[in-house]
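Notes to accompany the following structure.
These figures come from a predicted structure and were not determined experimentally. Convention: sequence-line order gives letters A, B, ...; per-chain numbering from 1.
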Amino acid sequence: MICLKNHEFSPKATFECGQCFRWTADDKGYVGIAGGRACRIRDGRLECPEEDNAFWRSYFCLDMDYSAMKAFLLEQDPTLEPCLDYGQGLRILRQDLWETVISFILSANNNIPRIKKMIEGLCKKFGEPIAFEDKILYSFPSTQCIAGLKCSDLAALKLGYRDRYVMDAAVFMASHADSIAWQQLSAEEARQTLMQIKGVGRKVADCILLFALGCYDVFPQDVWIRRIMGQVYQTPERSTQEFAQQKYGYYRGFAQQYLFYYYRNHAGKIQG
DNA sequence: GGCCAGGACCGTG
DNA sequence: CACGGTCATGGC
């Protein structure tokens with residue numbers, strides 16, 4: 001059990017801001033599974049086996065100082081204030097690299113409800129069952145498991161044209177991931193490495209860098225961010241990266257996520 | 001039936 | 001380098 005009340009943490013903002021796909025809300029809070037471990041978030045507490053405490057502390061980056069990060073961003077751009085307020089408690093997670101690679105490969109030209117369905121299907125079919133409370137959850141399948149499949153084994157999951165990308169990613173990660181010191185690479189080096197995987201372009205790579213590798217100095221640019229930066233800041237699409245770097249500085253990944261969450265969920269201003 | 005979904009790929013100009 | 005067509009699938 002971990003007490004979350006002394007941390008800036010909103011389950012809703014954190015789990016529903018588009019960075020993760022395996023947390024589900026019920027009448028008692030949220031249930032999630034990551035790294036082969038399940039837990040429940042309820043009433044400001046994280047309920048889990050004692051031996052999993054360190055894992056979840058790392059997953060939620062509970063050592064990070066959010067007040068310092070937000071003060072930094074507000075000084076960079078005071079107009080971020082409504083976004084930071086609306087996204088109060090939104091934490092950027094440190095998710096598993098392999099799971100994040102697959103999740104965001106599946107995100108391409110897709111919508112969030114169906115991304116979740118695809119991932120759940122993948123886990124139910126190829127993951128390991130884990131008993132939690134009164135139900136059975138399924139872990140995210142290993143790289144070796146998926147790498148050992150044929151593309152046709154994924155047909156029932158209806159991944160569309162993305163099935164071959166999943167297979168390419170599995171083969172790549174199974175053969176290279178363990179020998180790469182990801183944390184030692186620069187963001188650009190890690191990006192170029194990830195983009196060797198078919199189905200991983202600039203945007204998907206940047207999401208992986210931000211949501212799995214803790215590269216807070218990347219600014220994933222999707223259709224929403226394109227609209228937002230164009231309409232709010234009148235930034236030409238070509239120069240958005242340079243603009244974000246200059247405007248927000250190191251924590252531009254957080255700026256991106258708060259902007260995304262605010263303008264995507266908070267009615268008005270941006271027409272989708 | 002057309003359009004859109006946290007895009008990427010591939011072929012042309 | 002920039003542009004546009006195409007790619008499965010499902011919901012509206």
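- Closest heavy-atom contact between A:R37 and A:W56: O-CZ2, 3.4 Å.
- Of the candidate nucleotides B:dG6, B:dG7, B:dC9, B:dG6 has the atom nearest to the side chain of A:W224.
- Residues A:N110 and A:G201 both approach DNA chain B. Their nearest nucleotides, taken by heavy-atom distance, put A:N110 toward the 5′ side.
- Among the nucleotides C:dG10, B:dG6, C:dC3, the one closest to any side-chain atom of A:F211 is B:dG6.
- Among the protein residues, A:R162 comes within range of the nucleic acid bases, having at least one heavy atom under 4.0 Å from a base atom.
- For A:R264, a side-chain nitrogen or oxygen approaches OP1 or OP2 of B:dG6 to under 4.0 Å.
- Taking atom CD1 on A:I197 and atom P on B:dA8, their separation rounds to 12 Å, with Å as the unit.
- A straight line from NZ of A:K116 to C1' of B:dA5 spans 14 Å, rounded to a whole angstrom.
- A:Y161 has its OH atom 10 Å from the P atom of B:dC9, to the nearest Å.
- Distance from the side chain of A:R238 is smallest to C:dC3 among B:dA8, B:dG6, C:dC3.
- The base of B:dG7 lies outside donor-acceptor range of the side chain of A:Y165, with no N or O pair under 3.5 Å.
- Residue A:P220 places its side chain closer to B:dG6 than to any other of B:dG6, C:dG11, B:dC9.
- Distance, A:R164 CZ to B:dC10 C1': 10 Å, rounded to whole Å.
- Map A:C207 and A:G199 each onto its nearest nucleotide of DNA chain B; the residue landing nearer the 5' end is A:C207.
- Paired with A:Y251 under the rule ring pair (Phe, Tyr, Trp, His ring centres under 6.0 Å), one option of A:F219, A:F72, A:Y66 passes, and it is A:F72.
- With distances taken from any side-chain atom of A:I112 to the nucleotides B:dG7, B:dG6, C:dG11, the minimum falls on B:dG6.
- The separation between A:I102 atom CD1 and B:dG6 atom P is 19 Å, rounded to whole Å.
- Side-chain atoms of A:R91 come within 3.5 Å of backbone atoms of A:F60 as a donor-acceptor pair (strictly under, hydrogens ignored).
- Using a 4.0 Å cut-off between a side-chain N of Lys or Arg and a carboxylate O of Asp or Glu, A:R40 and A:D26 qualify as a salt bridge.
- Environment of NZ in A:K150: sparse, with no more than 12 heavy atoms of neighbouring residues, nucleotides or ligands closer than 6.0 Å.
- Using a 4.0 Å heavy-atom cutoff across all strands shown, A:P113 reaches no nucleic acid atom at all.
- Heavy atoms of A:G18 sit under 4.0 angstrom from at least one base atom.
- Of all non-hydrogen atoms in A:A177 and A:W182, the two that sit nearest each other are O-NE1, 3.4 Å.
- A donor-acceptor contact under 3.5 Å is formed by the side chain of A:Q256 with the base of B:dG6.
- Judged by closest nucleotide on DNA chain C, A:N109 is the one of A:K117 and A:N109 placed further toward the 5' end.
- A:R227 has a side-chain polar atom (N or O) that falls below the 4.0 Å cut-off from OP1 or OP2 of B:dA5.
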Trace of the side chain to side chain contact (heavy atoms under 4.5 Å, CB included) decision for A:K70 with A:L73: CA-CA 5 Å; A:K70 292 170 78 169; A:L73 284 179; 5.7 Å; no
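- Across all strands shown, A:L157 has no heavy atoms under 4.0 Å from either base or sugar-phosphate atoms.
- Atom pair A:Q196:CD and B:dA8:C1' shows a separation of 16 Å (rounding to whole Å applied).
- The CG-P distance, from A:L159 to C:dC7, rounds to 18 Å in whole Å.
- Comparing the same atom, P, in B:dG6 and in C:dA2 gives a spacing of 26 Å after rounding to whole Å.
- Going from atom CG of A:D163 over to atom C1' of C:dT9 covers 12 Å, rounded to whole Å.
- The aromatic ring of A:F260 stacks onto the base of B:dG6, its centre lying under 5.5 Å from the centre of the six-membered base ring with the two planes under 30° apart.
- Here, C:dA8 and B:dC10 have their P atoms 13 Å apart, quoted to the whole Å.
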